[in-house]
Peer 1: 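Here's a structure for you.
FYI, the numbering just counts along the sequence from 1. These numbers come from a predicted model, not from an experiment.
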Amino acid sequence: MGKREAVYCSDIGCYTLGSAPPLSAMHTCFCMGGSVSTGHGASTVLKRADSDLKVAAVIGDSTFFHSGITSLIDVVYNKGNSVTIILDNRITAMTGHQQNPGTGYTLMGEPATEVDIPMLCKAIGVKDENLFIINPLELDKSGEIVDKALATDEPTVIITKWPCILKKFTDQDKAEFDLSPKKCEIDQEKCTKCRMCVRTGCPAINSGEMVEIDPQSCTGCGVCRQVCKFGAIKEVKR
């Protein structure tokens with residue numbers, strides 16, 4: 001997102017850290033659930049000013065259930081053109097990993113009816129062709145979808161779906177996602193110290209005289225490997 005010119009409205013959650021360097025991908029943060037409504041207001045002003053600048057609102061899955069749904073209804077009903085990016089990490093990560101209506105479990109851990117976010121978006125009027133579900137760890141594909149959404153002059157929703165690595169994985173998580181234990185390592189002979197991997201903001205990457213990946217902190221997401229232009233990072237099984 002930081003590579004694409006647009007206004008990015010953030011919200012209260014782990015993703016608020018995206019406002020800081022090296023990501024620098026967020027421009028506003030108002031209140032819990034406020035990103036979608038702030039984005040709608042900003043996009044309306046820009047549209048009336050004949051500006052080509054688009055707006056994207058970023059919100060977590062639990063915050064979306066908390067107070068983001070009503071704002072998305074406003075975007076659709078009032079014919080907005082902002083992009084809503086829902087970060088579905090399958091848990092309420094910021095405040096202690098509580099369950100939410102999208103996880104399929106109650107706060108007591110009992111199985112419950114899971115709210116289907118894509119179906120909910122369709123129910124309030126988001127068109128099929130403007131609804132995208134992506135794996136956020138696939139950088140090139142994610143970038144293509146963001147570009148496509150920003151070029152659309154209608155309400156658009158992107159749902160990034162990948163579980164928080166700190167949560168207790170359920171059988172459903174294990175069946176749906178590749179959670180096999182792995183990590184990334186840097187081949188120091190190939191590393192040019194360009195530090196592109198450092199710019200991903202990964203806390204497992206240490207940058208000093210040498211760029212190294214802490215094996216205890218690495219979750220094997222592979223993002224660093226994708227941005228390395230010299231093939232210096234490889235993925236290995238734990």
Side-chain angles (χ1 to χ4, degrees), residues 1-6 8 10-11 13-27 56 58-61 83 85-91 93-94 97 132-150 158-238:
M1 288 166 48
K3 298 179 180 179
R4 290 160 174 80
E5 186 178 5
Y8 295 105
S10 183
D11 216 299
C14 307
Y15 44 95
T16 312
L17 296 173
S19 62
L23 299 179
S24 303
M26 302 293 176
H27 298 127
V58 182
I59 190 168
D61 53 339
V83 179
I85 303 176
I86 304 172
L87 310 179
D88 183 7
N89 64 355
R90 317 302 298 151
I91 203 71
M94 180 185 68
H97 288 79
F132 306 94
I133 303 172
I134 61 175
N135 178 348
L137 302 184
E138 298 176 352
L139 298 187
D140 289 341
K141 184 176 180 180
S142 296
E144 291 174 4
I145 295 299
V146 171
D147 287 337
K148 185 174 182 178
L150 290 174
I158 300 173
I159 302 169
T160 71
K161 194 172 182 180
W162 190 263
C164 173
I165 199 65
L166 297 179
K167 70 169 287 192
K168 181 179 179 181
F169 297 131
T170 63
D171 291 337
Q172 178 181 335
D173 292 326
K174 295 173 183 177
E176 186 173 357
F177 305 101
D178 177 13
L179 301 172
S180 55
K182 51 187 176 291
K183 63 178 180 179
C184 291
E185 293 180 350
I186 296 178
D187 184 336
Q188 296 299 335
E189 294 185 359
K190 293 183 179 180
C191 179
T192 65
K193 299 181 179 61
C194 70
R195 289 174 169 74
M196 279 298 295
C197 57
V198 177
R199 297 178 191 175
T200 65
C202 175
I205 300 178
N206 301 317
S207 176
E209 292 184 7
M210 296 175 59
V211 182
E212 300 176 300
I213 299 176
D214 177 10
Q216 300 302 318
S217 302
C218 177
T219 64
C221 72
V223 169
C224 60
R225 179 174 51 80
Q226 294 176 66
V227 303
C228 181
K229 303 300 183 183
F230 303 97
I233 301 177
K234 59 182 179 180
E235 187 180 273
V236 296
K237 291 185 177 180
R238 288 187 183 274

Peer 1: Given the rule in the salt bridge (charged side-chain N to carboxylate O under 4.0 Å, His left out) test, do K182 and E235 qualify, once you have shown the distances and angles that lead to the verdict?
Peer 2: CA-CA 7 Å; K182 51 187 176 291; E235 187 180 273; 5.2 Å; no

Peer 1: Please enumerate all residues that pass side chain to side chain donor-acceptor pair (under 3.5 Å) together with N89, with sequence neighbours excluded.
Peer 2: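 Side chain to side chain donor-acceptor pair (under 3.5 Å) check on N89 returns nothing, list empty.
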
Peer 1: Please give me the minimum heavy-atom distance between S10 and T16, naming the atom from each residue.
Peer 2: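 Looking at all heavy atoms of both residues, the closest pair is OG-CA, 3.9 Å.
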
Peer 1: Rounded at 0.5 Å granularity, tell me how far OH in Y15 sits from CE in M94.
Peer 2: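 Taking OH in Y15 and CE in M94, the distance rounds to 7.0 Å.
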
Peer 1: To the nearest 0.5 Å, what is the distance between CD1 on I186 and NZ on K193?
Peer 2: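 Here the rounded value is 10.0 Å.
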
Peer 1: Hey, is the main chain of A204 close enough, under 3.5 Å, to the side chain of E212 for a donor-acceptor pair?
Peer 2: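 No.
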
Peer 1: Check whether any side-chain heavy atom of T160 lies under 4.5 Å from a side-chain heavy atom of D88, and answer yes or no.
Peer 2: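 Contact flag for T160/D88 side chains = no.
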
Peer 1: Please list, chain by chain and in numerical order, all residues satisfying side chain to side chain donor-acceptor pair (under 3.5 Å) with K183, sequence neighbours excluded.
Peer 2: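 Scan of K183 (side chain to side chain donor-acceptor pair (under 3.5 Å), adjacent residues dropped) gives none.
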
Peer 1: Quick check: closest heavy atoms across G201 and L23, and the distance to 0.1 Å?
Peer 2: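 For G201 versus L23, the nearest heavy atoms are N-CD2, 4.5 Å.
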
Peer 1: Could you go step by step and tell me if W162 and L179 meet the side-chain contact (heavy atoms from CB on, under 4.5 Å) rule?
Peer 2: CA-CA 10 Å; W162 190 263; L179 301 172; 4.1 Å; yes

Peer 1: With sequence neighbours excluded, give me every salt bridge (charged side-chain N to carboxylate O under 4.0 Å, His left out) pair touching residues 158-171.
Peer 2: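 Found K161-E176, K167-D173.
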
Peer 1: Is a salt bridge present between D147 and R4, judged by a nitrogen-to-oxygen distance below 4.0 Å?
Peer 2: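 Yes.
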
Peer 1: Just verifying a value: how many Å separate E144 CD and L139 CG, rounded to the nearest 0.5 Å?
Peer 2: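 One gets 11.5 Å once the value is rounded to the nearest 0.5 Å.
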
Peer 1: Can you tell me how far the CG atom of D11 sits from the CD1 atom of I59, to the nearest 0.5 Å?
Peer 2: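 D11 CG to I59 CD1: 4.5 Å, rounded to 0.5 Å.
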
Peer 1: How long is the span from the CZ atom in F230 to the CD atom in E189, to the nearest 0.5 Å?
Peer 2: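 It comes to 16.0 Å.
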
Peer 1: Quick one: does Q188's side chain have a donor or acceptor within less than 3.5 Å of a partner on V211's backbone?
Peer 2: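 Side chain of Q188 to backbone of V211: a pair is present.
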
Peer 1: Over all heavy atoms of both residues, which pair between C197 and V227 is shortest? Give the atoms and the distance, please.
Peer 2: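 Heavy-atom minimum between the residues: CA-CG2, 3.9 Å.
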
Peer 1: Between C202 and C224, is there a side-chain heavy-atom distance shorter than 4.5 Å?
Peer 2: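 With C-beta onward as the side chain, the pair stays apart.
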
Peer 1: Could you walk me through whether V58 and L87 pass side-chain contact (heavy atoms from CB on, under 4.5 Å), step by step?
Peer 2: CA-CA 7 Å; V58 182; L87 310 179; 3.6 Å; yes

Peer 1: Go through the steps for H97 and C164 under the test side-chain contact (heavy atoms from CB on, under 4.5 Å), then give the verdict.
Peer 2: CA-CA 9 Å; H97 288 79; C164 173; 3.5 Å; yes

Peer 1: Without swapping roles, check the side chain of S217 against the backbone of D214 for a donor-acceptor pair under 3.5 Å.
Peer 2: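 Between the backbone of D214 and the side chain of S217 there is no qualifying donor-acceptor contact (under 3.5 Å).
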
Peer 1: Show the numbers, then the answer: is there a side-chain contact (heavy atoms from CB on, under 4.5 Å) between Y8 and M1?
Peer 2: CA-CA 8 Å; Y8 295 105; M1 288 166 48; 3.2 Å; yes

Peer 1: What's the spacing between I158 CD1 and I134 CD1 if we round to 0.5 Å?
Peer 2: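 One gets 5.5 Å once the value is rounded to the nearest 0.5 Å.
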
Peer 1: Which pair of heavy atoms, one from C194 and one from R199, lies closest together, and at what distance?
Peer 2: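 Scanning both residues completely, I find the closest heavy atoms to be O-NH2, 4.3 Å.
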
